[in-house]
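All remarks here apply to the structure that follows.
Here the structure is a predicted model, which means the values were calculated and not measured.
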Amino acid sequence: MSIVVWTQIVGATNGSIFQARDKTKYLFRTGICSTVLIVSGIFFGIFLGNISKLAMVLSIVFFINFLFSFWMLSRFALNTNLWFVIKILIKPFLLSILPTAASLAWIIFGINPSSNFFQLVINTFIFGIVFLIETWRTGDIKFVMNFIKKE
């Protein structure tokens, strides 16, 4: 479930954009479709009878809902296509998913830290290193440095 939290965080901005563009009828339609999709996913996951399967179904439904919501937003409020929005979001997506994947990679290799604190230290270190490398690789390091200097 934590892998798709970003879809909910980014999707939370849809309502304000629809309202700012005075397209609340599309916000209402998006909300109805999202509700039907998510509630159907919950019922289907419950029907499967396993909490892990429910979480997997919900993750898939949240991702589908994200794509649908941003399609509605880009088509009816921003007067563009979904590909334009995806191109804007690809860098932040990579900057979030790669460090997360790297932090979880040690689990795949079977390394089991002795305490939660040690696990937190390992994840923070790996996340920080990969984030810095990706920020430098994509050229966003200048943006980060300017942001730090402004504070």
Next on the checklist: Quick one, Ser74 with Phe84, criterion side chain to side chain contact (heavy atoms under 4.5 Å, CB included). Give me CA distance, side-chain angles, the key distance, then yes/no.
Outcome noted: CA-CA 8 Å; Ser74 63; Phe84 176 77; over 6 Å; no
Next on the checklist: With a 3.5 Å distance limit and no angle check, can you tell me whether Asn65 reaches the backbone of Val61 through a side-chain donor-acceptor pair?
Outcome noted: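 Answer holds: no.
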With the 4.5 Å side-chain cut-off for hydrophobic clustering, are [X] and [Y] part of the same group?
{"X": "Met145", "Y": "Leu132", "value": "no"}
{"X": "Leu73", "Y": "Phe63", "value": "yes"}
{"X": "Leu37", "Y": "Phe43", "value": "no"}
{"X": "Ile51", "Y": "Val39", "value": "no"}
{"X": "Phe28", "Y": "Phe18", "value": "no"}

Between [atom1] on residue [X] and [atom2] on residue [Y], distance to nearest 0.5 Å:
{"X": "Ile32", "Y": "Leu27", "atom1": "CD1", "atom2": "CG", "value": "10.0 Å"}
{"X": "Trp83", "Y": "Lys87", "atom1": "CH2", "atom2": "NZ", "value": "7.0 Å"}
{"X": "Lys142", "Y": "Trp136", "atom1": "NZ", "atom2": "CH2", "value": "11.5 Å"}

Ignoring hydrogens, what is the shortest heavy-atom contact between [X] and [Y]? Give both atom names and the distance.
{"X": "Ile46", "Y": "Leu54", "result": "N-CD1, 3.9 Å"}
{"X": "Leu58", "Y": "Ile38", "result": "CD2-O, 4.5 Å"}
{"X": "Lys23", "Y": "Phe76", "result": "CE-O, 3.5 Å"}

Does some side-chain heavy atom of [Y] sit less than 4.5 Å from a side-chain heavy atom of [X]?
{"X": "Phe70", "Y": "Phe66", "result": "yes"}
{"X": "Gln19", "Y": "Thr24", "result": "yes"}
{"X": "Thr30", "Y": "Ser34", "result": "yes"}
{"X": "Arg75", "Y": "Tyr26", "result": "no"}

Next on the checklist: Pair Phe117, Val121 - check side chain to side chain contact (heavy atoms under 4.5 Å, CB included), show working.
Outcome noted: CA-CA 6 Å; Phe117 179 74; Val121 170; 3.7 Å; yes
Next on the checklist: Taking side-chain hydrogen bond (donor to acceptor under 3.5 Å, both in side chains) as the definition, give me every residue that meets it alongside Asn14, ordered by chain and number, with sequence neighbours left out.
Outcome noted: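 So Asn14 forms no side-chain hydrogen bond (donor to acceptor under 3.5 Å, both in side chains) with any residue.
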For [X], does the [atom1] atom sit with more than 12 other heavy atoms under 6.0 Å from it, leaving out its own atoms?
{"X": "Phe44", "atom1": "CZ", "value": "no"}
{"X": "Asp22", "atom1": "CG", "value": "no"}
{"X": "Trp71", "atom1": "CH2", "value": "yes"}

